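Comments concern the structure below.
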Amino acid sequence: MEQALDGLVWYVVFLFSTSLHEASHAWAAKRGGDLTAYHAGQVTLDPRPHMQREPFGMLLLPIFTALSSGWPIGYASAPYDPVWAANHPRRAAWMSLAGPASNLLLVLLASAAIWIGIGAGIFEIPASIDGSSVVAATSPGVAASAAFLLSAFFTLNLILCLFNLLPLPPLDGSGALPLLLPES
């Protein structure tokens, strides 16, 4: 039962983090001149449009893996115009990096909350660290729940950021390669 409850927390963190990731791609594309994802309703933190676009990757697979293993595994995507991307490779590259950048932002925010909690005496560095216990509470109750939630946000978003930066299609890192190449 505890693993299922932990899996549910991980799934909620996954939903928020993945929705922000995909909304960031859509927002960056809109700013770069491609309105495809904007018109598809993808510039939102509401997970429902992202679930409608990728029901297996946002619902079935992550719920199954979160409940069975305690960790969600899933995927999502935001649509874009490939003609726009071909005509504006650098803008498309920035669009690719927007998703991992949003996950890095969540890592930094979780880190800041963790360090503030340590400074306030609410949290402490645990004797051993794993994905669910990046930080430990100094007392049970709400502090322990907050430590678990912050650990989940930190760990999942660090994994999402780093994994998506791999330069392998269809991951975001492959779309960012034009930024490393000369414009010609």
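Remember, it's a predicted structure, so these values are computed and weren't measured experimentally.
Atom OG of Ser132 and atom CG of Leu149 lie 11.5 Å apart (nearest 0.5 Å). Note that the OG1 atom of Thr65 and the CH2 atom of Trp10 stand 11.5 Å from one another [nearest 0.5 Å]. Once rounded to the nearest 0.5 Å, the distance linking CG of Leu108 with CG of Leu158 reads 10.0 Å. Here the CD-CE distance, from Gln52 to Met58, works out to 11.0 Å after rounding to the nearest 0.5 Å. Taking CG from Leu162 and CG from Asn103, the interatomic distance works out to 9.5 Å, rounded to the nearest 0.5 Å. Rounded to the nearest 0.5 angstrom, Asp130 CG and Thr155 OG1 are separated by 8.0 Å.
Ser151 places a side-chain N or O within donor-acceptor distance of the main-chain N or O of Val134, the cut-off being under 3.5 Å. A donor-acceptor contact shorter than 3.5 Å links the side chain of Ser102 to the backbone of Gly99. In this structure a side-chain-to-backbone donor-acceptor pair under 3.5 Å is present from Ser24 to Leu20. At distances below 3.5 Å, not a single donor-acceptor pair connects side-chain atoms of Asp81 with backbone N or O atoms of Asp34. Proximity of a side-chain donor or acceptor of Arg90 to a complementary backbone N or O of Pro178 within less than 3.5 Å is detected. Side chain of Thr138 to backbone of Gly121: a donor-acceptor contact under 3.5 angstrom is found. In this structure, the side chain of Glu22 engages the main chain of Ala78 through a donor-acceptor pair within 3.5 Å. Judged purely by atom type and a 3.5 angstrom limit, Thr18 has no side-chain atom pairing as donor or acceptor with the backbone of Leu15. No side-chain donor-acceptor contact under 3.5 Å links Arg53 to the backbone of Ala76.
Under the 4.5 Å side-chain heavy-atom criterion for Ile, Leu, Val, Met, Phe, Trp and Tyr, Ile159 and Ile129 are members of distinct hydrophobic clusters. By the rule that hydrophobic residues join a cluster once side-chain heavy atoms approach within less than 4.5 Å of another member, Val9 and Leu150 end up as members of separate clusters. Criterion: ILVMFWY side-chain heavy atoms under 4.5 Å apart, direct or through other members. Under it, Leu59 and Phe14 are part of a common hydrophobic cluster. When hydrophobic clusters are built by joining Ile, Leu, Val, Met, Phe, Trp and Tyr residues whose side-chain heavy atoms come closer than 4.5 Å, directly or via intermediates, Ile114 is grouped together with Ile125. Under the 4.5 Å side-chain heavy-atom criterion for grouping Ile, Leu, Val, Met, Phe, Trp and Tyr, Leu106 is not connected to Trp115 through any hydrophobic cluster.
At a threshold of 4.5 Å between non-hydrogen side-chain atoms, the residues Thr44 and His50 count as touching. Proximity of Leu67 to Tyr11: side-chain heavy atoms (C-beta onward) are nowhere separated by under 4.5 Å. Residues Leu160 and Ser17 form a side-chain contact, since some pair of their non-hydrogen atoms from C-beta on lies under 4.5 Å apart.
Taking each heavy atom of Ser96 and Ala176 in turn, the nearest pair found is CB-N, 4.0 Å. Of all heavy-atom pairs spanning Arg91 and Gly32, the tightest one is NH1-O, 2.9 Å. Between Ala37 and Ala26, the closest heavy-atom pair is CB-CB, 3.4 Å. Between Tyr80 and Ala85, the shortest heavy-atom distance links the atoms CE1-CB, 3.8 Å.
Annotation for Tyr75: atom OH counts as buried by contact number, over 12 foreign heavy atoms lying within 6.0 Å. For CH2 of Trp71, the number of neighbouring non-hydrogen atoms (other residues, nucleotides, ligands) closer than 6.0 Å is greater than 12. More than 12 heavy atoms of other shown residues, nucleotides or ligands fall within 6.0 angstrom of atom CZ in Phe123. With a 6.0 Å radius and a threshold of 12 heavy atoms from other residues, nucleotides or ligands, Arg48 has its CZ atom at or below the threshold.
Phe16 and Phe153 have perpendicular rings, their planes meeting at more than 60° on a 0 to 90° scale where under 30° would count as parallel. The aromatic rings of His25 and His21 stand perpendicular to each other, their planes meeting at an angle above 60°, with 30° marking the opposite boundary.
When each of Leu179, Asp172, Leu104, Asn164 is tested with Leu97 by the rule side-chain contact (heavy atoms from CB on, under 4.5 Å), just one qualifies, namely Leu179.
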